[in-house]
Structure formats: structure tokens, C-alpha cells
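One structure below.
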Amino acid sequence: MSIVLDIIASSGLWAAVLRIATPLIFGTLGALLCERAGVLNLGIEGIMTFGAMVGWLAVYHGADLWTGLLVAALAGAVFGLLHASLTVTLGLSQHVSGLGVTLFASSLSYYLFRLIVPLSGSPPTIEPFAPVNVPLLADLPFIGAVLSAQTPPTYLALLLALLLAYVVFRTPLGLAIRMTGENPHAAEAQGVNPMAVRYGAVIVGSALMAVGGGFLTLSAFNSFFPTMIQGRGWICIALVVFASWRPGRALFGALLFAFFDAFQLRLQTAVDGVPYQVFLMTPYILSIVALCVMARRARVPQALMQPYRRGER
Amino acid sequence: MRFERREHRPLALIVLTPLLAVAAALALSGLLIAAAGAPVLEAYWRILVGAFGSRLSATETLTRATPLMLTGLAAAVAFRARVWNIGGEGQFYFGAIATAAVGSQLLAGAPGYLSIPLLLLSGAVAGMVLLIVPLWLRLRFSVDEVVTSLLLNFVAVLVVSMLIDGPLKDPLAFGWPQSQSVADAAMLPKLVARSRLHWGFAIALVLAFVVHFVQSRTVFGLKSRAAGLSPEGAVFAGVPLARTLFLVACLSGGLAGLAGAVEVLGVKGYVTTDLSPGFGYSGIVVAMLAGLHPLGVVLAALFTATMFVGADGMSRALKIPSYIADVTVALSLITMLVAVFFAQYRIRR
């Protein structure tokens, strides 16, 4: 018991929570935006992989770190455009299109990475984002220690959750997005173009996913390696359900999830006799449990996964 | 511009669709090969030679196609009934580890005619179990099985990793995490001498025909297709939806688990965590390329295996990453989706 308390009382744990949560926040918000407009984006896993790869590559070739994140976002937007073309214009199965985007984006990442950076003993590295001290906040006891370990993209993720909550619930644009996700026919009757809204949401959402991937290579680690996303994208999809499609709860869900993840990492070193694989599988099992608990209560956007064709019911 | 459903689809269009899709995918990856500064046509020629140029390479391609046929069938039967089984990879590993466990512990001394069928069965059952979980969660809690079956892939590989690092660890593998081997008597006989091609290929081929028969000629096949076309309609017509989907999950998970069992009994004899280079995920592409048709799965699996086996030699010769095979296969999934759409719809202004 005292082990558990020691772990929870350490500022290192809470610093890790924010670090682990950051890519999940970006990814979950991105997926949430797509789904609010009625498009399930299972391209997320591959888009995060591509964002991680291309952001890293840009910085490796001399771009600065923010440019790296921007490049990742643009690449994500391109894959979003692909997914939107398949699911919005052609109205294809969102499940299968998304998987196609994931398989394509991740294999393309590995191909381009290997092509540009030939195989070597130790993977090349870049200088990642350094932690920043925010004046005043850094002086607070405990919280200061937690926050001063964070890099700028983490703050960006936290602000983004607030911004998205505001946009979705407090602006005409947000209303148009929600209407499109609930009932595109009614949205069209109100003068909203559901096709345009869906395209926009999927493109911007995919850009956010890619930034989440970029955080991994530009802040959390300093190199790219295949399979580094490790199912984070799928976890984000689960977190959107857990959050009942609300940005604020998505932020909470990502932090809660990151807490369990950071906690199990520390417990792993403190507890003997339990195979480390048991700890590693907890995040995935937790996601499944969270889905089961929330799926019934969650208010699913009513037109999610339904293609919209003008003049067709 | 709008899309209008074609009322009549000529047979030629249906046959041409996958061919055009593959051609488009090859053309698009050709751009990537050209971007790498390599001759595109020579690259594709080398892939073909690498996959079929010699007796060894041809048998290797068929060996590689074997698990792909089974995981492709697994995805095809599930998708037909709109059971979105994306967990083929995990089911493959569950089937493989169950086979290795039963084969190295319980049936270590049994004769082949007894142990081979029992081991194939245990692999299939293990795969079934792993898919029944997400299906049950869907029916009980209305949780989307796409996400749960995907997440279980990661759990399954970790379970395998735990077992081959613990109770099933081979003490003679120099500390390398690897399961104990099944007895030699339990290994599937070779189909072609002095090659790796084993009887699993024939099993997969027969199963493709069996699945085709089940889907097109049996009551269960009709029910499962009805459940996929329209769940509400199927219920209205008196199809017991939950029971039908349960059986579909058993069939699909069983086929994916069998793929793992066949790979263990046919090729390696033991399990490592890199036993599958993504057979489960490629199975999804195979199923889509086949238009979810069980016999089409055979051809689609051959195409996919050709790309993977052929790309190995090509990439060494032309200094192109062998990931180009993965890119081409993924692209062919996307082009196939688009091609199927335009086979069903025409553009009207």
C-alpha cells in the first residue's frame, strides 16, 4: 500500500501523466471532431504514424521543431482529404476506408523513412522540445515541479481542448458541425452544406491526429521507429466513446488513461513476480472496459457512419 | 455532378474491377519506386521473378499465401455478415500459441494422425474464443467490435509474449523468448519435397471451397448474408440475429486461429512474437480485394503473397525498402474500394 502512495505522491508520476496524455489529447480531439460531423476516422493509427515520421524527418533535415509539427499537421490534413473523399464524396464504408488509410499511411511512413534514412545500428536522433517554465505557475509547490517538466506542445494540447469545447458548443460553426453529425438533411435545410462541414471536420481532425503523432518524435522521444504508435490511435477512438463526444470529457479521459499508464509503469518496477506483459496489457484492457461502461450511456451522433447523399434518404 | 446506381452490371465489369484496382495500385506505387530513383518496370519484373522465378521461390510464395488465404477467408465471412472482425492478427496468435501449448505439452507423444487434427482444432477454438469476446460485448453492451477486436490484437500478442517468456518457454532457445516446439510427428507433411510448402496450403484451398459452399448453398450462409445486408430485415424475416452472428464469429475467428495453427504446424513448429508479419491485417485487404468472395480470396492471397515474397529480392537488388510491398497492398485496398464503387455507380451531370 505504501508503494502505491509513494508513487502517487511523486511529482514524477504527474509529470509523466501529462506527457503520456498529450498525444492522446490531440488524437482524441481529432477523432472527436470527425465523429461530431458524422465520420468515423479509423485512419487515426496510420495518420499518427505518418505525423510522427514526417515531423521528425522535417526537423532532421533542418526545420525547427514548430515547423516540424506544422509539416505533420499538413500531412495529416492530406490523409484527411483522402479519407473524406472516400467516405463523404463516395460514401464508402467508413470502417473499411479508415483501415485502408491506416494501412496506407503507416506503410508509406515506413517506406519513406527507410528510403531517406538508411538502416543503421543506432537510429539517428534530433534535439526534441525542451521543457519550459511558465512564470508564476512554475513557482507553485508540487504543481510547479509537474508543469516545469512539460514541453510547449503539452500546453497547446490543453488549450486546444478548451478551444474545441468552445467551438463545438458555443459557436455557429460548432452548431453546424453537430447538426451535420446528428442529421445532415436537417442541416442542409438550414442552409448548412453537410459535405463541406464533413470535409472540413475530417481534414482538421486528421491534422490534429498527426500533430499527436508528431509530439511522440519531437518531444516524448527523439527518434522515429516503426510500430512506435503502439495502438495509441485505437485507444483515442475508444476515448471518444468514453468521453461521450465531449471535448472536456475527452481531456479528462485522456488524463485518466495516462494516469493509469504512468502508474502501471512505476508499479512494474516496484512489484516483483508479476510478468511485465500483464502491466503492458492494462491500457488496452482498460480501454475495452471503459467502452463497455460508457457505450450504453453515451449519446452517439445520430448520423455517425451514415453517408450523406443529397436528395436521398 | 451526382452518382447514379447502375441498374445492370455486366459480368465483364465485375471481373475487371479487381484487375483495374490492382493495376491502379501498381501504377501509384510505381510513382514511389520512381521517386526512389529505381526503374519501375524492372522493379516489377524482379518482383515477379522473385516470387515465381524458381521452384524455391514459387513454393515460398504459396507457403506465404497459405495463412493469408485463411485470414482472408476469416475477414470475408465476417464482413459479409457485417461483423467487423479486425482482430485477425490476435486470433492468429491465439491459434498459434494454443497449438504450440497443446502440441508441446498434452500431445507431445501422440501419433500424427491423432495430434494433427486435434492441434488444428485447438488453434481454431482459440481463435474463436478471441472473437466471441468482442461479439458478446457488441450484443450485450452495444460496443463497436472494430475497436475492441483491434485492441485485443495488442492484448493477444502480449499474452503470447508472456507465455513464451514463462510457462511455455523453450529452455534450449538460448534465452530467446520462443515457445517449446510441437513434436515432429505433429508437423504437417510437405506438399513439395525440399521446400517449405506444406499441406496447410491444400487445407486452405479446400476450406475456400467449403466456405463458398456454406455461404452460397446453406441456410446458415443465407442467414449470415441476410444479417449483413440488413439486420432489421433479417430479424423481420425470422433470422435469429444473435445466434447467426455468434456462428459467424465462430467461423471467422476459427479460420483466423487455424491460420496460426497451420503456420506453426507447417513452417516453424514453435511460436515467437514475430511469427506473423501482419497476416491478420493483410487478411482484411485480401478479403476486400476478393470482393468478399471466398474463391476470390485464393487469388487475392496469391497476389498479396507475390508482392511480399517478390519485394524481398527486388529490394535487395534495387536498394528500395521492401516496405513497398506493404504500400502496394494497402493502396490496392483503397483502389479496390473506389473501383467497386464505380462498378456500382455511374457519374451523371
Side-chain angles (χ1 to χ4, degrees), chain A residues 40 42 45-46 82 85-86 89-93 95-115 118-119 226 230-231 233-235 237-238 240-241 275-285 287-288 291-296 298 300 305 309-311, chain B residues 2-3 29 32 35-37 79 82 84 86 133-134 137-138 140-144 146-148 150-163 165-166 278 281-282 284-285 288 315 319-338 340-342 345:
Chain A
L40 177 70
L42 293 183
E45 184 83 4
L82 172 65
S85 315
L86 296 173
T89 303
L90 300 185
L92 299 175
S93 156
H95 280 135
V96 184
S97 305
L99 286 168
V101 172
T102 278
L103 290 174
F104 175 49
S106 45
S107 54
L108 188 62
S109 316
Y110 307 151
Y111 176 75
L112 292 177
F113 181 74
R114 217 12 102 236
L115 192 62
L119 196 61
Q230 281 287 327
W234 311 132
I235 287 168
I237 296 287
V240 175
V241 180
Y276 70 93
Q277 292 95 342
V278 171
F279 293 102
L280 288 184
M281 57 180 94
T282 45
Y284 306 111
I285 292 175
S287 306
I288 295 174
L291 276 174
C292 299
V293 174
M294 296 305 292
R296 280 249 166 118
V300 190
M305 294 193 271
R309 293 209 179 86
R310 198 160 287 158
Chain B
R2 52 185 296 149
F3 302 112
S29 1
L32 288 169
F79 286 13
R82 295 223 185 165
W84 299 106
I86 318 296
V133 174
L137 292 176
R138 163 175 156 186
R140 177 76 180 73
F141 299 102
S142 43
V143 180
D144 187 7
V146 169
V147 185
T148 44
L150 264 169
L151 289 168
L152 282 176
N153 286 340
F154 294 89
V155 176
V157 174
L158 285 165
V159 167
V160 168
S161 156
M162 189 165 77
L163 289 173
D165 218 3
Y281 299 107
S282 305
I284 297 166
V285 185
M288 295 308 296
S315 76
K319 303 274 181 292
I320 294 178
S322 60
Y323 286 119
I324 192 68
D326 301 78
V327 178
T328 312
V329 169
L331 270 173
S332 61
L333 169 60
I334 295 176
T335 53
M336 180 68 185
L337 285 173
V338 175
V340 167
F341 177 83
F342 283 108
Y345 290 85

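Within every chain, numbering begins at 1; the chains are lettered A, B, ... in the order of the sequence lines, protein sequences first and strands thereafter.
When heavy atoms are compared at a cutoff of 4.5 Å, B:L137 approaches chain A solely by way of its side chain, counted from C-beta outward. The contact between B:L333 and chain A is made entirely by side chain atoms (from C-beta outward), counting heavy-atom distances below 4.5 Å. At a 4.5 Å heavy-atom cutoff, B:N153 makes no contact with chain A through either its backbone or its side chain. Residue contact with chain A, scored on non-hydrogen atoms closer than 4.5 Å, involves the backbone and the side chain of B:V159 alike. When heavy atoms are compared at a cutoff of 4.5 Å, A:L92 approaches chain B solely by way of its side chain, counted from C-beta outward. Residue contact with chain A, scored on non-hydrogen atoms closer than 4.5 Å, involves the side chain of B:M288 exclusively. For chain B, no part of A:F113 is nearby; none of its heavy atoms comes within less than 4.5 Å. Contacts between A:P226 and chain B at a heavy-atom distance below 4.5 Å involve the side chain alone, from C-beta outward. Contacts between A:S93 and chain B at a heavy-atom distance below 4.5 Å involve the side chain alone, from C-beta outward.
With respect to chain B, the highest number of heavy-atom pairs below 4.5 Å among A:I237, A:L90, A:L40, A:L86 belongs to A:L90. Annotation: maximal heavy-atom pairing with chain A below 4.5 Å, among B:V285, B:V157, B:D326, occurs at B:D326. Annotation: maximal heavy-atom pairing with chain B below 4.5 Å, among A:V293, A:V241, A:L291, occurs at A:L291. With chain B as the partner, the residue from A:E45, A:H95, A:M281 showing the most heavy-atom pairs under 4.5 Å is A:H95.
Considering all non-hydrogen atoms of both residues, B:V327 and A:F104 come closest at CG1-CE1, 4.0 Å. Shown here for B:L32 and A:Y111, the closest heavy-atom pair between the two residues is O-OH, 3.0 Å.
Between A:Y284 and the choices B:L150, B:T148, B:L152, B:V155, the side-chain contact (heavy atoms from CB on, under 4.5 Å) rule is met once, by B:V155.
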Evaluate the criterion side-chain contact (heavy atoms from CB on, under 4.5 Å) for residue pair A:L280 and B:F154; output intermediate values, then yes/no.
CA-CA 9 Å; A:L280 288 184; B:F154 294 89; over 6 Å; no
Could you go through A:Y276 and B:D165, starting from their C-alpha distance and side-chain angles, then the distance that decides it, and tell me whether this counts as side-chain contact (heavy atoms from CB on, under 4.5 Å)?
CA-CA 10 Å; A:Y276 70 93; B:D165 218 3; 3.9 Å; yes
Apply side-chain contact (heavy atoms from CB on, under 4.5 Å) to A:V96 and B:W84, showing your working.
CA-CA 9 Å; A:V96 184; B:W84 299 106; 3.6 Å; yes
Step by step, work out the side-chain contact (heavy atoms from CB on, under 4.5 Å) result for A:L103 and B:I334.
CA-CA 10 Å; A:L103 290 174; B:I334 295 176; over 6 Å; no
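A 4.5 Å side-chain heavy-atom check between A:T89 and B:F3 finds at least one atom pair inside the cut-off.
No more than 12 heavy atoms of other residues, nucleotides or ligands shown are found within 6.0 angstrom of CZ on B:R82.
Interatomic distance, A:S106 OG to B:Y281 OH, rounded to the nearest 0.5 Å: 9.5 Å. With rounding to the nearest 0.5 Å, the separation of CG in A:L42 from CG in B:D144 is 7.5 Å.
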